[in-house]
Engineer: 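Structure in structure tokens, see below.
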Amino acid sequence: MKPYNPHEIEPRLQQAWAEHDLYKVDETSTKPKKYVLEMFPYPSGDIHMGHVSNYTYGDVVARYSRMQGFNVLHPMGWDAFGLPAENAAIKHHSHPAVWTYQNIDTQMASFKRMGFSYDWDRTVMTCNPDYYRWGQWIFLKMWERGLVERRNSPVNWCPDCATVLANEQVIEGRCWRCNSEVEKRDLTQWYLKITDYAQELLDDLDQLKGWPERVKQQQANWIGRSEGAEVDFELVPKEGEAASADPELITVFTTRADTLFGCSFFVLAPEYEGLHDLVAGTEYGKPVMELVEAAKKISALERAQGDHEKHGVFTGRYVINPINGERVPIWVADYVIADYGTGAVMAVPCGDQRDFEFARKYDLPIIPIILSEDDPLYPELKDQEARVVTSVDWPEAYAAEGYLVQSGPYTGMLGGKHSPGEEAVVKTLEETGRGRRSVQFRLRDWLISRQRYWGNPIPAVHCEHCGVVPVPEEQLPVMLPEDIDLAAGETLATHEAFVNTTCPVCGKPAKRETDTMDTFTCSSWYYMRYTDPHNDKLPFDPAKANAWMPVDQYIGGIEHAILHLLYSRFFTKVLRDEGMLDFDEPFENLLCQGMVLDSHGEVMSKSKGNVVSPEEMIAGYGADAVRAAMLFMGPPDKEKLWNEDGLAGMYKFLCRIWRQVYDLVGDAGEETLYQEGATPEQAQASLDTLVRERHRVVGKVVDDFARNNFNTAIAAIMELSNAIGDYVRRCSAAERQASEFSREFDIEVAEVLVKLMAPIAPHWADELWQTALGHTDSVHTQAWPTYDLDKAKADEVELAVQVNGKVKARITVAADAQNDVIEASAREAVATDLDGKDVKKVVVVPGRLVNIVAK
RNA sequence: GCCCGGGUGGUGGAACGGCAGACACGUCGGUCUCAAAAACCGAUGCCGAAAGGUGUGCGGGUUCAAAUCCCGCCCCGGGCACCA
């Protein structure tokens, strides 16, 4: 027997696999396709345990799929643009590319050392001009389609990263990358109109049967669809000004048009456009503008922390409530968000907690117009159409469904979101032309411009005469200049050779756009590039993308539940509308792996000094043990607490089954596990068990792999190993080769064991396949073992016998015994427990138990 | 506040409504050894000497039978959040 030495076999086999192009995609294959993909890494340094777990899951799926007869695409690449590279360049007075490519080399070596089965000929690095030119190309297509916009608005600015951020990149008022507090700034920026796809992005979540519910829920939350109505309020002219024939309107969005009778004031956001004109020249101008200034100072962080006091001032102006003609005062308050709905709200303090709090603070009337039946006011107001109670003093607003009162013709109707009352009011508004159905989304357009160097340049030119114009397709890529000294404070904007160009429309001197695109644009389509990575005419050949896509199994971290996964869905839909793709969704099945934490459940970080190094683990036990230990730790979507004891245990298991394989093939030499002393009956029983386990376990592993339950698959293989252990211990080699204990069977079991382990411990398995089992090819090109569940069945089964639900005895019966036979046997077994009792009912569950109900 | 997950031995975790704790780690005992390690065997939810009792966050319910289904709570994790 050759001893198990991972440090010798792993590098040797990795080299052999590479030499034989074992994992290279065969484009001519007629096998069904399977696209297995893990989210590509950011080259931030060497790999960490999170990478090990993520890419191990993917590798198991890929290897298993190959053995199952699929033509597997399993590529790897790097999301290589981004700020950390720039920071490193500044620190080391070098270029971001140097740091990036060094890290890519390191990570690639680690991935190879883990034995991951990638087709390395398809590697994509997003900072390579061959790749990013197509990102620019897609941007131009979006521009043509009207999905690119430049506009001025308040944006999130990270002072430390010195760039703007997308909404999705602000976590509780802080930068997703550096955790700095985000500021609001008014800037002109580039946007992708993802909101054009809001409805489809929401609707198509239903198609994603293979996605975790929580991810779909998070996306639905983020998109935030809300159904309601727009209502037009007429602006009352300033005091002393004449009424116009065509009065100005201020429109609000509301989901509760049914509460219009309870509107006792009206609120504008401090950033409301036209606010200045409303108060200009009046005594209210000064306090209003003071509030506007104060509101600017409230940081996003403070807003995110919730529970702030509301501030507001009266504008001196009024609007007319379109449902009852009442004059309503207009206030400005910092609790109204400028960029949701219309930036104006009708305030109904009796039904909305925010309006309620504001009304209390500023002593505005709280008109009861919707009540629950058990409200003490209800009997009095039940039939009141006209207003008899002008204000109430409740402890809180009544936001639930209830009955409308003091609401003119709607009195008595049921009110609430999507209620008959709401529908009736909206119908009236529509008929009178004062309102209409409307849907609002929480989702904002995607701000993609970044004021950074290490990213994909936005292909646009600013011309004095022609305005902002796209760079023509044939001039792509707009290359990032390589001669830049970031440490000396140079930026794209100061790089004259880059900035100065000519206008592609009029040919006169013009300036290049100097912002780059958010790195998330690069990662929004890389999975399509893998299907055709060397194409120099298009981002990808639609035929190839349509053949490979959608990704059958996508694997990555939950932190991308919104960001990357939402953006990728958006890009896919745009490219479909562009005619390049014939599917709606890029990722058929999604596995979100849980974080790998230290043994105390803490996040691993350099500052805590608790980082576990994959390299050290491999150096200690080999890549196969690391892979298997990670898989065995628990379900992939749960958090994993890494502990080295589990790794040591897995190494022992690999050693044990290594010996078992040699024992089964009869080449164990002195190291045979046989122990004398078993009776012929025991030997026979262990053989019978092994025959059944061989089939049962293969079936179980197939089921478990189908559900990504790698931990229970390994547990099942351990059970097979336990059965092998009993067998080789009790039956001597001579016995096993005698007629009934056939050598063929021993070899079959050994081969089954090796194949089951092949996706999990690929080096271990391939070495045994070739050395112990004497094959000349690789186990990774073999077919997955077959199984027959009929052969997994025992002749006899043990059943539990319960009396009134409690186990009192056990009986052994023939597997195919009839229920009456089982019942008789069961009654006999618990005769003493039934003594003096009346049997009311007997439930026989074949193969499991018998429950006798007796009194 | 709203929306998702999740609470099972000392630990990681298993359980189509059908014997709770598979499979491991750990611990204890044994074999081997001068000894130790390794390897192998056995025990191991809790209480109890045993018989037996008890047990899946808490309280109810449905069922012959509930970790699993239903109702009401508690706790932990995540997402959204002044979104009208």
Side-chain angles (χ1 to χ4, degrees), chain A residues 171-172 212-222 224-226 228 252-257 259 267 269 303-310 333-337 339-348 351-355 357-358 399 417 440-444 558-559 561-562 594 599 601 629 632-635 637-650 652-653 655-656 659 671 673 675 700 709 711-719 721-722 725 729 798-810 840-854:
Chain A
I171 317 289
E172 294 192 343
E213 205 51 46
R214 61 179 168 150
V215 174
K216 291 192 274 186
Q217 204 73 47
Q218 276 185 42
Q219 291 214 356
N221 261 339
W222 187 260
R225 184 179 198 272
S226 164
V252 298
F253 172 75
T254 179
T255 56
R256 293 296 303 277
T259 63
V267 196
R303 278 183 168 256
Q305 278 163 352
D307 280 1
H308 359 253
E309 198 177 333
K310 297 169 175 55
D334 55 12
Y335 75 94
V336 176
I337 296 164
D339 63 353
Y340 183 77
T342 61
V345 301
M346 59 176 233
V348 182
D352 182 285
Q353 189 60 21
R354 295 154 300 180
D355 299 342
E357 284 164 14
F358 192 80
K417 282 191 181 180
Q440 292 291 322
F441 292 94
R442 218 194 60 96
L443 182 70
R444 294 287 101 87
I558 184 72
E559 67 274 15
I562 295 171
S599 55
F632 190 54
M633 234 160 1
D637 54 344
K638 278 191 79 167
E639 284 180 345
K640 289 157 278 270
L641 307 190
W642 178 261
N643 73 315
E644 213 175 316
D645 289 349
L647 177 59
M650 191 52 72
K652 281 196 235 172
F653 175 66
C655 292
R656 183 160 71 241
R659 278 196 303 275
E671 288 155 288
L673 297 164
Q675 292 174 356
K700 167 80 172 146
N709 288 344
N711 55 329
T712 51
I714 292 175
I717 297 171
M718 287 172 168
E719 287 172 314
S721 163
N722 289 342
R729 199 164 57 244
E798 193 184 71
L799 304 183
V801 182
Q802 299 179 328
V803 176
N804 296 329
K806 296 208 179 218
V807 179
K808 293 291 181 187
R810 287 170 196 290
K840 301 283 185 199
K841 188 175 182 178
V842 178
V843 181
V844 178
V845 185
R848 300 222 179 247
L849 53 73
V850 181
N851 189 12
I852 300 174
V853 184

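Chain identifiers are assigned alphabetically (A, B, ...) following the order of the sequence lines, protein sequences preceding nucleic acid strands; residue numbering begins at 1 within each chain. Keep in mind that what you see is a predicted model, and the values were worked out from it rather than measured.
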Engineer: Do the ring planes of A/F253 and A/Y340 sit parallel (below 30°), tilted (30 to 60°) or perpendicular (above 60°)?
Structural biologist: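 The arrangement is perpendicular - the two ring planes meet at more than 60°.
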
Engineer: Using the closest heavy atom to pick a nucleotide of RNA chain B for each, name whichever of A/R442 or A/D355 lands nearer the 5' end.
Structural biologist: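 Closest to the 5' end, via its nearest nucleotide, is A/R442.
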
Engineer: For every nucleotide of nucleotides 12-24 of chain B, 5' to 3': is a protein heavy atom under 4.0 Å from its base (B), only from its sugar-phosphate (S), or from neither (-)?
Structural biologist: BSS-B-BB--BBS

Engineer: OP1, OP2 of B/C40 versus side-chain N and O of A/R659: anything below 4.0 Å?
Structural biologist: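 Answer yes for this pair, as a side-chain N or O of A/R659 is under 4.0 Å from OP1 or OP2.
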
Engineer: Are there any protein N/O atoms within less than 3.5 Å of an N/O atom in nucleotides 53-56 of chain B, and if so, which ones and at what distance?
Structural biologist:
from  : atom 1 : to     : atom 2 : distance (Å)
B/U54 : OP2    : A/K806 : NZ     : 3.1

Engineer: Decide, yes or no, whether a salt bridge links A/R256 with A/D352 under the criterion of side-chain N to carboxylate O below 4.0 Å.
Structural biologist: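 Not counted as a salt bridge, because no side-chain N and carboxylate O are separated by less than 4.0 Å.
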
Engineer: Taking the side chain of A/D645 as heavy atoms from C-beta outward, which of B/G26, B/C80, B/C4 is closest to it?
Structural biologist: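 Out of B/G26, B/C80, B/C4, the nucleotide with an atom closest to A/D645's side chain is B/G26.
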
Engineer: Does OP1 or OP2 of B/C82 have a side-chain N or O of A/K310 closer than 4.0 Å?
Structural biologist: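 For B/C82, neither OP1 nor OP2 has a side-chain N or O of A/K310 closer than 4.0 Å.
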
Engineer: State which of B/C4, B/A84, B/C41 makes the closest approach to the side chain of A/R729.
Structural biologist: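 Of B/C4, B/A84, B/C41, B/C41 is nearest to the side chain of A/R729.
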
Engineer: Syn if the chi torsion is within 90° of 0, anti otherwise; quick check, which is B/G61?
Structural biologist: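 Base orientation: anti.
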
Engineer: Give the rounded distance in Å between these two atoms: CD of A/E357 and C1' of B/A84.
Structural biologist: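 Rounded to the whole Å, the gap is 14 Å.
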
Engineer: Is A/Y335 close enough to B/A84 that one of its side-chain N or O atoms is under 4.0 Å from OP1 or OP2 there?
Structural biologist: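 No, because none of the side-chain N or O atoms of A/Y335 sits under 4.0 Å from OP1 or OP2 of B/A84.
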
Engineer: To the nearest Å, how far apart are A/Q675 CD and B/G42 C1'?
Structural biologist: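 After rounding, the gap between these two atoms is 12 Å.
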
Engineer: Quick one: the dot-bracket string of RNA chain B, using Watson-Crick and G-U wobble pairs with both distances under 3.5 Å, [ ] for crossing pairs and | for bases paired to another strand.
Structural biologist: (((((((..(((.....[....)))((((((.......))))))(((....)))..(((((..]....))))))))))))....

Engineer: Expressed in angstrom and rounded to an integer, what is the separation of A/L673 atom CG from B/C32 atom C1'?
Structural biologist: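 These atoms are roughly 15 Å apart.
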
Engineer: Quote, to the nearest angstrom, the C1' distance that separates B/G45 from B/U8.
Structural biologist: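 One C1' to the other, the span is 10 Å.
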
